[in-house]
Structure formats: structure tokens, C-alpha cells
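Contents: one structure, followed by commentary.
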Amino acid sequence: PMSTRVMRHWPAHAVVLKRAIYLAFAGNRVEAQDLLRKAMRTFPTRCKDSISLLEEAAAYDHAAIEPLLAAARSGQTDCR
């Protein structure tokens with residue numbers, strides 16, 4: 001997919017987070033959680049932005065996004 005190619009060549013915070021969201025929407029929970037952990041490790045100062053994006057996505061499919069939101073909020077990631 002296009003988002004994967006963009007992420008590999010330009011790993012911007014929003015691109016990586018949106019890819020994790022798309023994976024979660026598609027039912028790829030483990031892959032989405034793994035990518036979220038990597039994103040939080042790579043962009044530790046962007047935790048609030050990450051949570052905001054996840055909250056927006058949860059409005060569309062709460063069940064798919066809730067595990068990512070829970071991980072981001074619980075400290076299971078490298079947020080600073």
C-alpha cells in the first residue's frame with residue numbers, strides 16, 4: 001500500500017501513526033500495536049499528538065482503536 005511506501009521513505013510521525021490506525025481498522029491488531037510501539041519509541045515527544053490522532057480514529061471504529069489508545073495512555077510505550 002501507498003502508506004507503507006511513504007512510511008519507509010519518509011517516516012514522519014503522522015504517516016507512521018496513520019499506518020498503525022489503518023492496520024487496526026483492517027483487523028491487524030498485533031501489527032498495529034507493534035507499529036505503535038515503534039512510533040512511540042521513535043517519536044517520544046509526540047505522545048500527546050499520537051493520542052489525539054488515536055482519539056480521532058476511535059470515533060470511526062472504537063473497538064479497533066481502543067487497544068492502541070489503552071497502550072498509548074498506559075505507559076506501555078516510551079512516551080515522555
Side-chain angles (χ1 to χ4, degrees):
M2 178 67 107
S3 62
T4 301
R5 291 191 310 243
V6 171
M7 187 176 65
R8 286 186 185 143
H9 296 289
W10 187 43
H13 171 261
V15 173
V16 176
L17 251 294
K18 287 178 183 177
R19 177 69 183 148
I21 290 166
Y22 297 151
L23 288 167
F25 284 162
N28 299 319
R29 179 184 287 187
V30 173
E31 195 175 349
Q33 289 175 328
D34 183 53
L35 187 55
L36 175 68
R37 277 190 292 277
K38 289 176 182 175
M40 299 300 237
R41 192 174 326 122
T42 303
F43 305 103
T45 60
R46 303 291 304 268
C47 290
K48 289 181 182 179
D49 296 331
S50 298
I51 290 170
S52 291
L53 278 171
L54 291 168
E55 288 171 341
E56 287 180 40
Y60 296 97
D61 189 343
H62 184 77
I65 301 301
E66 183 54 36
L68 299 180
L69 259 174
R73 289 175 174 155
S74 72
Q76 294 176 21
T77 59
D78 293 334
C79 286
R80 292 184 197 155

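- Contact between Ala57 and Ile21 at its shortest, heavy atoms only, is CB-CG2, 3.6 Å.
- With rounding to the nearest 0.5 Å, the separation of CG in Leu17 from CZ in Arg19 is 13.0 Å.
- Lys18 pairs by the side chain to side chain donor-acceptor pair (under 3.5 Å) definition with nothing, not counting sequence neighbours.
- Looking at residues two or more places apart in sequence or on another chain, you find a side chain to side chain donor-acceptor pair (under 3.5 Å) between Glu55 and Arg73.
- Shown here are the side chain to side chain donor-acceptor pair (under 3.5 Å) partners of Glu66, two or more places apart in sequence or in another chain: His62.
- The distance from atom CG of Leu69 to atom CG of Leu36, rounded to the nearest 0.5 Å, is 9.0 Å.
- Checked against side-chain contact (heavy atoms from CB on, under 4.5 Å), Ala32 has the following partners two or more places apart in sequence or in another chain: Leu23, Ala24, Leu68.
- Listed by chain and residue number, Lys38 satisfy the side chain to side chain donor-acceptor pair (under 3.5 Å) test with Asp34 (two or more places apart in sequence, or in another chain).
- Nearest heavy atom pair, residue Ala63 against residue Arg29, reads O-NH2, 4.2 Å.
- Both Tyr60 and Leu53 sit in one connected hydrophobic cluster of ILVMFWY residues. Membership requires side-chain heavy atoms under 4.5 Å apart, directly or through other members.
- To the nearest 0.5 Å, atom CD1 of residue Ile51 and atom CE of residue Met40 are 5.5 Å apart.
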